[in-house]
Amino acid sequence: MGTTVEGKLGHNVFKIGKERHITVNTEICNTKCKDKVCLYICPAFLYKLDDQGNVTVDWEGCLECGTCLLCCLEDALEWEYPRGENGIQYRSA
Amino acid sequence: MEKVDCIVVGGGLAGLSAAYGLASEGLEVILIERGDYAGAKNVTGGRLYVSPIRDMYPELWEAAPFERPVTREFITLLNSGNATTIEFASDKFAAQPYQSYTVLRATLDLWLSEQVMEKGGMVITNQRVDELLMEDGKVIGIRAGEDEIGADMTIVAEGVLGLVSTKAGLRQKPSWKDHAVGFKETIELPQEVIESRWHLSPGQGAAHLFMGEVTKGMLGGGFLYTNKSSISFGIVLGMKDAKERADKIDVYTLLDDFKAHPHVAPLVAGGELLEYSAHVISEAGYAGIPQLYGDGYLLAGDTAGLALNQLYTVRGMDFAVASGYYAAKATLEAKQQGDLSAAGPMYEKMMRDTWVIKDLETAQHIPHFIENPRIFTHYPQSVGRIFERLFTLTSDPTEGIYHKVMGSVKQDFVNAKTVKELMGVRKI
């Protein structure tokens with residue numbers, strides 16, 4: 001049963017829209033944020049550093065739990081729920 | 001602008017409960033839900049305590065699509081080398097009326113939304129409420145995309161994050177300091193396997209909590225609830241501890257380690273993953289309750305901070321149903337009196353005069369108590385040590401039972417820290 005977290009997300013139903021609902025202001029991350037809590041606290045492990053060292057988010061796999069929103073202290077995230085019709089659609093949660 | 005008696009923001013248990021109460025009395029009510037159906041965005045651990053809310057809508061709880069009544073309780077103190085499990089069964093819990101049930105929200109909430117519609121309430125899905133419409137400090141309705149709908153009363157039950165109500169200044173943004181994250185797998189298992197693993201009669205269910213190794217010293221614990229043909233298997237973790245942890249452990253890996261633990265793996269063996277879910281949970285308790293009402297609106301459910309971590313159980317859904325019930329009741333009574341502005345104060349009074357806020361008040365010292373990391377490491381290990389010593393037999397001459405037990409008790413429990421912590425226990 002050694003499923004990766006990406007593998008786990010693969011069992012979920014996501015209706016992915018065109019608009020991203022999370023935007024990272026990397027300038028804030030790069031100048032103000034030391035801890036980068038988002039990189040380890042997201043239960044879906046969606047935040048990563050790209051080749052340039054900027055924080056990116058795979059918003060398509062978002063569980064809409066809100067953990068990153070609460071834990072990002074520097075307000076570097078623009079975070080909304082996806083529009084109606086989009087995002088996670090739980091069937092057995 | 002179209003106008004109705006009441007708008008309910010959010011199709012969770014609080015919103016559905018409010019809408020059902022209002023629609024049952026013939027009020028024109030529109031509930032707006034952003035998911036494909038009520039329940040599509042909702043997550044639970046999984047247990048609903050029905051006993052506190054049974055009298056509110058008895059007809060609903062008799063017919064609701066619950067998973068299993070919880071008739072057996074398990075608590076496991078999980079350490080790296082051993083596990084101590086307490087299993088509690090009682091004839092009282094195994095007989096009707098059942099105190100609590102395991103639930104899956106996509107099933108339960110969808111069904112409740114159908115009951116709302118049957119009473120004449122309107123449920124609009126696939127619509128995100130973007131903001132509350134305000135006029136001179138009064139909430140007069142909502143905007144969802146291009147659509148604006150006016151209402152005499154808006155019941156905001158949008159969940160723990162409270163994006164819309166925070167934006168409107170009706171409450172503060174929730175803080176990481178007093179919130180937790182819950183994340184779980186729903187794992188399919190045959191009914192007979194579930195019943196055999198948790199010693200259940202057909203159709204009956206178990207709640208199984210885990211403390212200790214699960215959170216690697218951080219505030220929180222593991223849970224496992226038996227559904228009809230699946231288990232809800234997850235972890236609740238305090239954000240403060242997770243955030244401030246020096247080794248920056250990847251939170252999601254805790255669940256994999258928990259599942260692979262030699263004393264847990266046999267419980268989940270052979271199961272197929274159905275779904276992976278997560279949600280923020282308020283652990284602020286009594287101190288986290290915002291102003292519950294204002295001009296033209298009432299806050300209900302998680303948006304009103306109504307969640308309670310009682311250590312051996314986490315409650316929220318019963319509070320949500322109760323707050324929705326009282327929100328509807330207060331609105332109806334105020335309307336009858338011809339003065340809707342009376343609804344807010346009436347709502348707050350109903351909540352304060354009943355178990356809803358009283359239970360939160362009683363438990364107000366728990367959040368501070370559970371900040372002590374020793375609860376999640378030292379004590380589970382201590383109990384494990386007592387039993388390990390008691391059950392150990394070697395080729396050396398064995399100690400008397402008294403010495404075996406008291407040796408461990410003295411080592412782990414007779415010290416200044418434990419005495420101090422015992423004083424703290426009296427408050428909870």
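Note that these values count all heavy atoms, side chains included, but never hydrogens, waters or copies made by symmetry. Naming convention: chains lettered A, B, ... in sequence-line order (proteins, then strands); numbering from 1 in each chain.
- Atom-to-atom distance recorded for A:Lys36:NZ and B:Lys248:NZ is 8.0 Å, nearest 0.5 angstrom.
- Contacts of B:Asp36 with chain A are made by both backbone and side-chain atoms, with heavy-atom separations under 4.5 Å.
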I would like to know whether B:Leu161 and A:Leu70 meet side chain to side chain contact (heavy atoms under 4.5 Å, CB included); could you show each step before the answer? CA-CA 9 Å; B:Leu161 300 183; A:Leu70 268 57; 3.8 Å; yes
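- Highest contact tally toward chain A, considering only B:Ser230, B:Ser277, B:Gly45, B:Ala106, is held by B:Ser277 [criterion: heavy-atom pairs under 4.5 Å].
- Judged by distance alone, with hydrogens and angles left aside, the side-chain atoms of B:Lys173 form a donor-acceptor pair with the main-chain N or O of A:Leu69 at under 3.5 Å.
- Heavy-atom distances place the side chain of B:Leu163, and not its backbone, under 4.5 Å from chain A.
- Contacts between residues 76-93 of chain A and chain B, counted as heavy-atom pairs separated by less than 4.5 Å, involve A:Trp79, A:Glu80, A:Tyr81, A:Pro82, A:Arg83, A:Gly84, A:Glu85, A:Asn86, A:Gly87, A:Ile88, A:Gln89, A:Tyr90, A:Arg91, A:Ser92, A:Ala93.
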Please report the C-alpha distance between B:Arg128 and A:His21 in whole Å, then the side-chain angles of each, then the deciding distance to 0.1 Å, and finally whether the side chain to side chain contact (heavy atoms under 4.5 Å, CB included) criterion is met. CA-CA 12 Å; B:Arg128 181 185 68 189; A:His21 67 286; 5.7 Å; no
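- Around atom NZ of B:Lys177, no more than 12 heavy atoms belonging to other residues, nucleotides or ligands sit under 6.0 Å away.
- When B:Gly46, B:Pro174, B:Ala144 are compared by the number of non-hydrogen pairs under 4.5 Å with chain A, B:Pro174 comes out ahead.
- Comparing A:Val37, A:Asn12, A:Leu63 by heavy-atom pairs within less than 4.5 Å of chain B, the highest count is held by A:Asn12.
- B:Tyr276 contributes a side-chain N or O that, together with a main-chain N or O of A:Pro43, makes up a donor-acceptor pair within less than 3.5 Å.
- Within the 4.5 angstrom heavy-atom criterion, no atom of B:Leu110 approaches chain A.
- Note: A:His11 NE2 to B:Glu188 CD = 10.0 Å, rounded to the nearest 0.5 Å.
- Heavy atoms of B:Glu275 lying under 4.5 Å from chain A belong to its backbone as well as its side chain.
- Heavy-atom pairs under 4.5 Å with chain A were tallied for B:Val103, B:Thr44, B:Thr186, B:Leu255; the largest tally goes to B:Thr186.
- No donor-acceptor pair under 3.5 Å is formed between the side chain of B:Lys243 and the backbone N or O of A:Asp35.
- Counting heavy-atom pairs closer than 4.5 Å to chain A, the top-ranked of the candidates B:Asp250, B:Ile249, B:Leu104 is B:Asp250.
- Once rounded to the nearest 0.5 Å, the distance linking CH2 of B:Trp176 with SG of A:Cys72 reads 12.0 Å.
- Contact between A:Cys65 and B:Val280 at its shortest, heavy atoms only, is O-CG2, 3.0 Å.
- Residue-environment remark: CD (B:Glu244) exceeds the threshold of 12 foreign heavy atoms within 6.0 Å.
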